[in-house]
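Take a look at the structure set out below.
Reckoned from all heavy atoms, side chains included, excluding hydrogens, waters and symmetry mates. Numbers restart at 1 for each chain; the letters A, B, ... are given by sequence-line order, proteins then strands.
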2 protein chains.
Amino acid sequence: MAAKPESAGTPELVDSLVQLSFAVQDVLARVSAAYDLSLTQLRLLGILRDRTPPMTAIAEHLGLDRSSVTGLVDRAERRGLVSRATSTQDARVTIVSATPRGLDVGRQVTATVTAEIETLVERVPARDRDGMVRAAMSVVGPRIGPGLATTGR
Amino acid sequence: MAAKPESAGTPELVDSLVQLSFAVQDVLARVSAAYDLSLTQLRLLGILRDRTPPMTAIAEHLGLDRSSVTGLVDRAERRGLVSRATSTQDARVTIVSATPRGLDVGRQVTATVTAEIETLVERVPARDRDGMVRAAMSVVGPRIGPGLATTGR
DNA sequence: TATTGTTATACTCTATAACTATA
DNA sequence: TATAGTTATAGAGTATAACAATA
């Protein structure tokens with residue numbers, strides 16, 4: 001499974017994609033940090049923007065163990081960003097939701113991130129932008145919900 | 001600083017880029033983990049592939065505090081991936097280099113990551129690939145060294 | 001018995017502040 | 001004094017294993 005020179009441009013593309021991903025993640029982490037959020041906290045708020053899922057669903061979304069989500073939600077709750085409630089249908093289940101403040105912070109970070117990445121994108125020649133959207137979407141699939149999807153799946 | 005509808009396609013592009021960055025980082029983290037490396041350890045090995053820098057230079061490359069690099073190198077050294085040496089020119093300076101095993105592990109992870117991302121890229125229509133390289137490079141600049149650049153700057 | 005969530009524990013990663021050694 | 005690196009300390013994030021409560 002070594003050489004497979006089907007498309008001469010592929011190595012450069014792989015390399016560009018890796019660098020690009022670091023540049024984007026840098027923006028996400030830096031802006032989050034400016035709001036005193038970790039990237040994981042931002043992702044949590046992103047999930048809770050339009051849902052009130054059980055702990056297990058959050059774990060699946062983020063690709064984390066359930067015990068990791070316990071700590072994550074603990075810290076967010078301590079900061080007044082999210083809250084817990086026991087499901088009325090199944091007393092084993094804990095429902096998590098964003099507080100008004102959590103929603104607000106999430107919106108602000110998302111707006112700032114979007115603005116910063118738009119600045120990066122201004123460097124892309126206009127004629128290449130449509131192709132880039134098509135290329136990116138052919139890798140990750142179409143958008144599902146509204147706003148920034150802080151997930152790879 | 002709100003609406004700025006200069007280019008209608010921009011929001012989708014921003015969103016695609018964020019998702020794409022998560023997909024790529026997922027690959028990097030997953031493959032690293034399969035080799036029992038954190039992403040930071042992989043980045044360290046990436047730096048040491050063709051250099052033997054002082055601790056401070058590593059901190060700058062990775063955007064970390066010097067004290068964080070101390071621990072990072074400690075753990076990598078304990079695992080036989082890197083080694084320390086005192087500079088002969090300036091006894092304050094500690095020079096870090098990858099061991100043969102560290103170089104080897106770095107190469108293996110890089111090769112696997114490249115293969116996996118190439119698989120992702122196969123989903124991109126061939127006619128869009130050149131444009132994607134151009135677009136990505138216009139954001140992050142041209143490649144500098146050989147191999148995967150596990151950095152955003 | 002199976003599932004949901006938490007706790008206990010341990011490790012990595014990170015930063016700030018204070019320190020040592022060298023320049 | 002200034003710089004390079006380490007240590008001490010603290011906190012976030014993560015996982016595994018064991019547990020309690022509920023189904």
- By nearest-nucleotide position on DNA chain D, the 5'-leaning member of A:Gln41 and B:Val69 is B:Val69

- A:Val105 and A:Arg79: side-chain contact (heavy atoms from CB on, under 4.5 Å), yes or no, with the steps? CA-CA 12 Å; A:Val105 171; A:Arg79 297 181 46 186; over 6 Å; no

- Query: Nearest-Å distance, CG (B:Leu42) to P (C:dT12)?
  - Reply: 17 Å

- Using heavy atoms and a sub-4.0 Å distance, could you list which residues of residues 72-82 of chain A are near DNA chain D? By number, please. A:Leu72, A:Arg75

- Separation of C:dT7 C1' from A:Met55 CE (nearest whole Å): 13 Å

- Message: According to salt bridge (Lys or Arg N to Asp or Glu O under 4.0 Å), does anything in residues 61-71 of chain A pair up with another residue at least two apart or in another chain? List the pairs.
- Response: none

- Does B:Thr40 have a side-chain nitrogen or oxygen under 4.0 Å from the phosphate oxygens OP1 or OP2 of C:dT12? no

- Message: Please say yes or no: joined through hydrophobic side-chain contacts below 4.5 Å, possibly via intermediate residues, are A:Ile47 and A:Val93 part of one cluster?
- Response: no

- Going through the distances and angles, do A:Thr112 and A:Tyr35 end up as a side-chain contact (heavy atoms from CB on, under 4.5 Å)? CA-CA 10 Å; A:Thr112 308; A:Tyr35 285 82; 3.4 Å; yes

- With a non-hydrogen cut-off below 4.0 angstrom, is B:Thr56 in contact with a base, only sugar-phosphate, or nothing? sugar-phosphate

- Query: Going hydrophobic residue to hydrophobic residue with side-chain gaps under 4.5 angstrom, can you get from B:Leu103 over to B:Val113?
  - Reply: no

- Query: B:Leu45 versus B:Leu37: any side-chain heavy-atom pair under 4.5 Å?
  - Reply: yes

- Is any side-chain heavy atom of A:Met132 closer than 4.5 Å to a side-chain heavy atom of B:Asp128? no

- Check: B:Met55 and B:Arg84 side chains under 4.5 Å, non-hydrogen atoms: yes

- Message: Hydrophobic clustering (ILVMFWY, side-chain heavy atoms < 4.5 Å, transitive) - are B:Leu72 and B:Ile95 grouped together?
- Response: no

- Message: Output the rounded distance in Å from CG (A:Asp36) to C1' (D:dA12).
- Response: 12 Å

Listed pairs, N/O of protein and of nucleotides 16-23 of chain D, under 3.5 Å:
residue : atom : partner : partner atom : Å
D:dT16  : O4   : A:Ser67 : OG           : 2.8
D:dA23  : OP1  : A:Ala91 : N            : 3.0

- Message: Distance check needed: C:dA15 P versus B:Glu60 CD, whole Å only.
- Response: 13 Å

- Can you check the A:Leu39 CG to C:dT14 P distance for me, whole Å? 13 Å

- Spacing between B:Leu62 atom CG and C:dA15 atom C1', to the nearest angstrom: 15 Å

- Query: To the side chain of A:Val93, which of D:dG5, C:dA15, C:dG5 is closest?
  - Reply: C:dG5

